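Below: one structure, written as structure tokens.
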2 protein chains.
Amino acid sequence: MSKKQLIMDRALELFANQGFEATSVQQITDHCGISKGAFYLSFKSKDELILEIINHFIQQITVDIDYAVNHSKPDEKLYHFFHTTFHAFCEHADFAKLLMKEHAHSFNEKLLEKLHDYDQRTDQILLSMLETVYGDKIDHIKYDLIFSIKGLINGYLNFLLFSQHQFDVDLVAKSLVEKTNLLARHVTIPFITNKYENMFQKNFHGKMDKHDLLQLIATAIDESDIIIEQESLILLKEQIIEPTFNKTILLGLIENIRNNPQHKWLAYNLKEYFN
Amino acid sequence: MSKKQLIMDRALELFANQGFEATSVQQITDHCGISKGAFYLSFKSKDELILEIINHFIQQITVDIDYAVNHSKPDEKLYHFFHTTFHAFCEHADFAKLLMKEHAHSFNEKLLEKLHDYDQRTDQILLSMLETVYGDKIDHIKYDLIFSIKGLINGYLNFLLFSQHQFDVDLVAKSLVEKTNLLARHVTIPFITNKYENMFQKNFHGKMDKHDLLQLIATAIDESDIIIEQESLILLKEQIIEPTFNKTILLGLIENIRNNPQHKWLAYNLKEYFN
DNA sequence: TATACTAATGACCAATCGGTCAATTTGTCA
DNA sequence: TGACAAATTGACCGATTGGTCATTAGTATA
């Protein structure tokens, strides 16, 4: 494990239990068994550390949820969404705790921006899933439904994270599917009406721009030592600069790199870019 | 306004926007136009300040909600519960923000204890309300329902507090009544099953003990300058030491002091004590 | 006006913070 | 082994924190 990874892992443990502000760099370095100086060889600042932590896990979880939703039949999408969400947050319980603590609290502007971006991306995933599952029957309550679902998830998540009980991911997913169905089919008095529609789009550019994407690919090529990955990446890079292949070939190339967990995030963004 | 009240009001504004830890005593005193020394004449420490703030509003809100629920017909209880809850939190929006920020974050033990107590008291109010409204039909899902309701409330509250939109308390209450009814009548797969029952009682002594109550009464007698209140308080004090009156008379005496907002909290606890 | 008392001040304290950097250890060559 | 480079250290820095206390300002009484 690289020193950077070590610091991120150990720091996350402390952040989850004490919060970001309340954890000193000294505590982190003690907990890692390294010196303060060594910390600043891996990270420019304490802020950069938490940004990298948040980034890493948000990418991981976003990709998993997106995959689960897009690769299941319409009548199973809800279940897989909830299942993946709870599975991911419980696998990375420390991160989930950190996320909850800092969500309401943080004053690091870049961090807030990241969290807001994540929130909007979740809204988008939920919205498109609900539209696929229920069609336009829920048009007048869809934003209300999004808030209800997020509220329910949060309630259960709080319970799971801060109690010591072990629990059944399958059950929580089934329970939430039933509740979502109930609300989607029978709610007649939405509180979040469609006049708030702009809240769900404004200032959100889910797709990365060319430049960021090319940067990511360049890094990925350097880090990869599997030839088929490297070649796929080079071809994809050319396609971004000047698209000539059809969609099927592009998807195949993306699939070539998606299998490597390190490149999941890149694959996810490439897919969004070419759509 | 007393100096203590001034500090509490002004500090709350800062806490709501920056969080407790991130707000320095210097900032508070600057914002009040007083010196640092003057602050420590009113409060022993920064911790004591936030404890008094939280205490004050929790008492206020608890009493209002309890009254709304217990003084309405069964078929209107839900509506009044939600209406009062949202009305209270939006009237004291700064406090609501503080509560949300510190709920996940705080490391002051006494504060955490207070917040936990408040949480359990809310659970109790919700539980007894649901039992009254739906009877034993919801026995197998009542704990699940409590978590669902708290989740929904939190979701909407977050939306209301941190967006700039004005909103309709009546609508949010009606919307939540409908959702609660839907869930109560049709949920068949609870996630929080009755095996968690002990979570909802353990370590919770809602009722104050004799000593605390007598202390509160003594303070109230000193502060009051209305004769009927003072006399009622003196009689109630005697009844705590040695009960002789019947319940109707006791309730009447309590009602005598309940009309004064300053004594709402005392009245609420006396009612609980004599039940 | 002199006295006695409280209310209020802000310079000051030790502790802790994030961050730096000269000095030292460690690793890697010929 | 010796010479060089890279990695690592921890004493140190200025800034800020919650909290203290000798001093001053304000006011009512005699």
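Residue numbers start from 1 in every chain, and the chains themselves are labelled A, B, ... in the order their sequence lines are given, proteins ahead of strands. On a predicted model such as this, the values are computed, not experimentally measured, just so you know.
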Seminar exercise, completed: Footprint ends on DNA chain C, 5' to 3', for atoms under 4.0 angstrom from a heavy atom of chain A, come out as C/dC17 to C/dC21
For this session: Taking salt bridge (charged side-chain N to carboxylate O under 4.0 Å, His left out) as the test, write out the residues that go with B/Glu52, two or more places apart.
Result: B/Lys4
For this session: Return the set of residues passing salt bridge (charged side-chain N to carboxylate O under 4.0 Å, His left out) with A/Glu231 (not counting sequence neighbours), or none when no residue passes.
Result: none
Exercise. When you measure from every atom of DNA chain D, which of residues 40-56 of chain B have a heavy atom less than 4.0 Å away?
Worked result: B/Tyr40, B/Ser45, B/Lys46
For this session: Answer yes or no: is there an ion pair linking A/Lys110 with A/Glu113, defined by an N-O contact shorter than 4.0 Å?
Result: no
For this session: Rounded off to whole Å, could you give me the CZ-to-P distance for the A/Phe39 and D/dA7 pair?
Result: 18 Å
For this session: Check the angle between the aromatic planes of A/Phe95 and A/Phe57 and answer parallel, tilted or perpendicular using the 30° and 60° thresholds.
Result: parallel
Exercise. Once the angle between the rings of A/Phe159 and A/His165 is folded into 0 to 90°, is it parallel (under 30°), tilted (30 to 60°) or perpendicular (over 60°)?
Worked result: parallel
Problem set entry | Residues that A/Lys150 engages under side-chain contact (heavy atoms from CB on, under 4.5 Å), provided they are two or more places apart | A/Asp119, A/Asp123, A/Leu126, A/Ile146
Seminar exercise, completed: Residue pairs meeting side-chain hydrogen bond (donor to acceptor under 3.5 Å, both in side chains), one or both in residues 93-104 of chain B, sequence neighbours left out, come to none
Exercise. More 5' along DNA chain C: B/Ala38 or A/Gln27, using each one's nearest nucleotide?
Worked result: B/Ala38
Seminar exercise, completed: Of A/Val25 and A/Gly37, the one whose nearest nucleotide on DNA chain C sits closer to the 5' end is A/Val25
Problem set entry | Near-strand residues of residues 13-21 of chain B, defined as heavy-atom separation under 4.0 angstrom from DNA chain C | none
For this session: Only counting residues at least two apart or in another chain, list the ones meeting side-chain hydrogen bond (donor to acceptor under 3.5 Å, both in side chains) with A/Gln27.
Result: A/Gln18
Exercise. Is the closest side-chain heavy-atom distance between A/Leu157 and A/Met100 below 4.5 Å?
Worked result: yes
For this session: Tell me which of B/Ser24 and A/Lys3 sits closer to the 5' end of DNA chain D, going by the nucleotide each one is nearest to.
Result: A/Lys3
Give every donor-acceptor pair under 3.5 Å between a side-chain atom in residues 6-14 of chain B and any protein atom, sequence neighbours left out.
unit_1: B/Asp9; atom_1: OD1; unit_2: B/Gln5; atom_2: NE2; d: 3.4

Problem set entry | Partners passing ring pair (Phe, Tyr, Trp, His ring centres under 6.0 Å) against B/Phe81 (at least two apart in sequence or in another chain) | none
Seminar exercise, completed: Contacts of A/Phe89 meeting ring pair (Phe, Tyr, Trp, His ring centres under 6.0 Å) (sequence neighbours excluded), chain-then-number -> none
Seminar exercise, completed: Angle separating the five-pair end axes of the helix from C/dT1-D/dA30 to C/dA30-D/dT1, nearest 10°, is 10°
Exercise. CG of B/Leu235: more than 12 outside heavy atoms within 6.0 angstrom?
Worked result: yes
